[in-house]
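Here's the structure, in structure tokens; my notes come after.
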Amino acid sequence: MNFASDHSQLSSSIPDAFGGPVGAPVGVFGTAQAHPLLNGLNEPQKQAVCLPAEHGLILAGAGSGKTRVLTTRIAWLMQTGQVSPQGILAVTFTNKAAREMLTRLSAMVPINVRSLWVGTFHGLCHRLLRTHWRAARLPETFQILDTGDQQAAIKRLIKAMGVDEERFPPRDMMHYINALKEQGIRSGQAEAHDAHTRRKVEIYAEYEAQCQREGAVDFAELLLRAYELLQQDEALRTHYQQRFRHILVDEFQDTNPLQYAWLQLLCGPQTVIFAVGDDDQSIYAFRGADVANMRAFERNYAKGNVIRLEQNYRSHGNILTAANALITNNADRLGKNLWTDAGEGELIRVFQGVSDLDEARYIVDEIRELTREGLPRHQMALLYRSNAQSRVLEHALFQAGIAYRVYGGLRFFERMEVKHALAYLRLIANQDDDTAFLRVVNFPTRGIGARSLEALQLEARQLNSSLYNAAASLTGKAGTAVGQFIRMIEGLRTETTGLSLPEVIDHLLDRSGLRQHYQAEKDGQDRLENLEELVNAAATFADDPEAAHNIDRDTGEATSLLADFLAHAALEAGEHQAGDQDEAVQLMTVHSAKGLEFSAVFIVGLEQGLFPHENAMMARDGLEEERRLMYVAITRARQRLYLCHAQTRMLHGQTRYCLPSSFLDELPEALLQRINTVPAWSAGSYSTGWSEAPAVDMTTRVSARAAGAAESAGGFHVGQNVVHTKFGAGVILAAEGRGEEARVQVRFGQAGTKWLALAYAKLEAV
DNA sequence: TCTTCAGTATTTTTT
DNA sequence: ATACTGAAGA
């Protein structure tokens, strides 16, 4: 198959969702009408765009032109004079989605899209709080804590409270606090029926107080504060309710209870909510998203005003049939079936490797083949369930000299050196920011050790003031190191008044010693470059109209550019830093692939325990969420889909024996093309339905040596069926050690999985 | 203050 | 395996 030619053929056979055939029939639903904006939309899309001024729920399947409908709806509302730009509020989850919407809108309508309220939940709430900081009982200079800052703040608090960090790990406390906030629960309302929970609530309360004192607002707090602001201030609430005539929500299935409540609060008697989402693509329950919001919205608002976008403009038929078949196994769906007129296309290729290395080798070979057929590398994606899986793949790709790009990892504003520089900036903006103070008070090192900090913290507690103020009050005593630090910050503040933002940062890098520090450090070159990049980013930010975006039009009051830049850094952490080669194979988790599409997709590591992930089974409806994740993965593919799994995989330093994912069994066999079959290893009860198939088409790279022989001990090998006098029949999952040390991991039917020392255990081969 | 070592955890992620 | 953390040693 030649991808280069097939590609062009595909694009002509599938009408592009963003510019398809013109003159399609006009809808009969509601006020649907002929309008240039509606050209090229299919019937349900048109109905959605032209939905009369009532609440509506759009069930938008994968690849059904969701964003197009959303943006066209906004453009249509404005062009038909139903609403002025000021009356629009469009909410997304990511900055990327918000940008995308603005970009498309500006291409559709001649108005200045800057006057629209389009943004993320957090961005919009932040804007509300900046504008109404007094009413929200915040200091004007309040700072946003990102996840790292928040954890540091909690950790510091736990130490100060003298709480046992073992019993109350800061990480867990952070999740606990955020989970409560996302349900709109303050420390005062939190339930506690046991001593441990009572202590957690106490810490939550202390954390609230600390944040208030320091003028710090974490991500969840942005939403909760904004919610409480609207709830408590009736005049303000009425103002915004009357202003926003149309609220449009993207990815509605990802909303958490607080976000839903926030939307309800903004929804006045004259407001119309247009919610777009796909319950089958709800994959963020673990971070508080609640699909139940969709049902609730349908029941209480949309009331039958539900439109399904089921025509898919992305994938070939077999891929959609597989996705539909899989997701049918979920209960409680709102119901939806994707279809396409693009034809069936190719079968879905299923490959079983002997090991994870084998799997990677196969993928490398296929990528080479696809490249020969003319498919650009960035049109190929390797999707996996967990980040750890990228390692083997990266290694294989590197060896083969294939350019690749891994998504995930640190982003620009999360890098250590950048955070350091920002901390100085934050201290200039708000000296009460203890998190920023502690980050840089001794970085670069200036002789301020643990003991001076302890004294400082004690002093601060007694004065009930920030560390900065405590330090400033102590400075009178002597020219201590702490005193010098305070003078340095004060110097920065005076020296930089009147300077432009990039000049401020540039000056700060010298004055703080950060630049010199990284110049002296042997591996500091990259970090230095990042610091220079920060200056550039600030320059771009200062020039960019986006800065103008933050001038509040309600009050006409320009907010400080510095504060805006800091908020920008927290709310938009920037691009992922991974090597960004243009012509590169894309590696990412299934989660981060949501919303993307590729001509060829490899779903990797389709094994029980990995995908679906074993940890997911603990959660309520965990398997269903994993299945939705698989659904998302499958629907990323346009033309060719590979499903790969391996018999053995290196996990946490040991070789684990793996069964094929149960999701493979949920796909109709007629859609699958088995690339190979390797000998069955499993004891009967784990029959996958195809492990008995004869070993045909064994490719040379499938050598039993890869995993078997290397992982044997005392005459036993991985995959072997054994019998134990006490535990009964089992199968060897892993082996390690030699001679007296030799141990094997065995999965028994009843007794579960155990490690046994061969020197002692009475194991018999079957 | 910087280095080193032992101990630990290891699904998914945006803001 | 490995990467990150916190605490003890040079």
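In what follows, chains carry the letters A, B, and so on, assigned in the order in which the sequence lines appear, proteins first and then strands, with residues in each chain numbered from 1.
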A/Leu383 side chain near A/Met588 side chain, heavy-atom distance below 4.5 Å: yes
NA contact type, A/Asp146, heavy-atom cut-off 4.0 Å: base, sugar-phosphate, or nothing? nothing
Pi stacking test for A/Phe286 and B/dT12: under 5.5 Å apart, planes under 30°: yes
Distance below 4.0 Å between A/Asn95 side-chain N/O and B/dT15 OP1 or OP2: yes
If you look at every strand shown and take non-hydrogen atoms under 4.0 Å, does A/Thr147 touch a base, only sugar-phosphate, or nothing? base
Looking only at the aromatic ring of each residue, does the gap between the centers of A/His126 and A/Phe121 stay below 6.0 angstrom? no
Atom pair distance, as rounded to whole Å: CZ in A/Arg628 and P in B/dT12: 18 Å
Hey, does A/Asp254 reach any base, or is it just sugar-phosphate, or nothing, if we go heavy atoms under 4.0 Å? nothing
Determine, answering yes or no, if A/His613 is stacked on B/dT11 under the 5.5 Å centre rule and the 30° plane rule. yes
Please report the distance, rounded to the nearest Å, between CG in A/Leu610 and C1' in B/dT10. 12 Å
I want to check one thing: is the phosphate of B/dT13, taken as OP1 and OP2, less than 4.0 Å away from some side-chain N or O of A/Arg411? no
Looking at every strand, decide which applies to A/Phe121 at a 4.0 Å heavy-atom threshold: base, sugar-phosphate, or nothing. nothing
Is the positively charged end of A/Arg405 above the ring of A/Tyr407, judged by distance under 6.0 angstrom from the centroid and angle within 45° of the axis? yes
Reading DNA chain B from 5' onward, which residue's closest nucleotide shows up sooner: A/Asn387 or A/Ala220? A/Asn387
Nearest to the A/Thr445 side chain among B/dT1, B/dT13, B/dT11, which nucleotide is it? B/dT1
For the side chain of A/Arg391, counting heavy atoms from C-beta on, which of C/dA3, B/dT11, B/dT13 is nearest? C/dA3
Please work out if A/Asn178 contacts a base, only the sugar-phosphate, or nothing of the nucleic acid, heavy-atom cut-off 4.0 Å. nothing
N or O in side chain of A/Asn256 less than 4.0 angstrom from B/dT14 OP1/OP2: no
A/Phe142 ring center near A/Trp133 ring center (under 6.0 Å): no
Mark yes when over 12 heavy atoms from residues, nucleotides or ligands other than A/Arg186 sit less than 6.0 Å from its CZ; otherwise mark no. yes
Take the protein atom CG of A/Leu223 and the nucleotide atom P of B/dT14, then report the distance between them rounded to whole Å. 16 Å
Rounded to whole angstrom units, what separation is found between the NE2 atom of A/His652 and the P atom of C/dA3? 14 Å
If I pick the P atom on C/dT5 and the same atom on B/dT12, what distance separates them, to the nearest angstrom? 16 Å
What is the distance from CZ of A/Arg99 to P of B/dT15, rounded to the nearest Å? 9 Å
Do the ring planes of A/Tyr284 and A/Phe286 sit parallel (below 30°), tilted (30 to 60°) or perpendicular (above 60°)? tilted
Rounded to whole Å, how long is the line connecting atom CE of A/Met617 with atom P of B/dT12? 16 Å
How many whole angstroms separate atom CZ of A/Arg385 from atom C1' of B/dT13? 11 Å
A/Ile448 vs A/Ala573, nearer the 5' end of DNA chain B by closest nucleotide: A/Ile448
Whole-Å gap separating P (B/dT1) and CD (A/Glu521): 16 Å
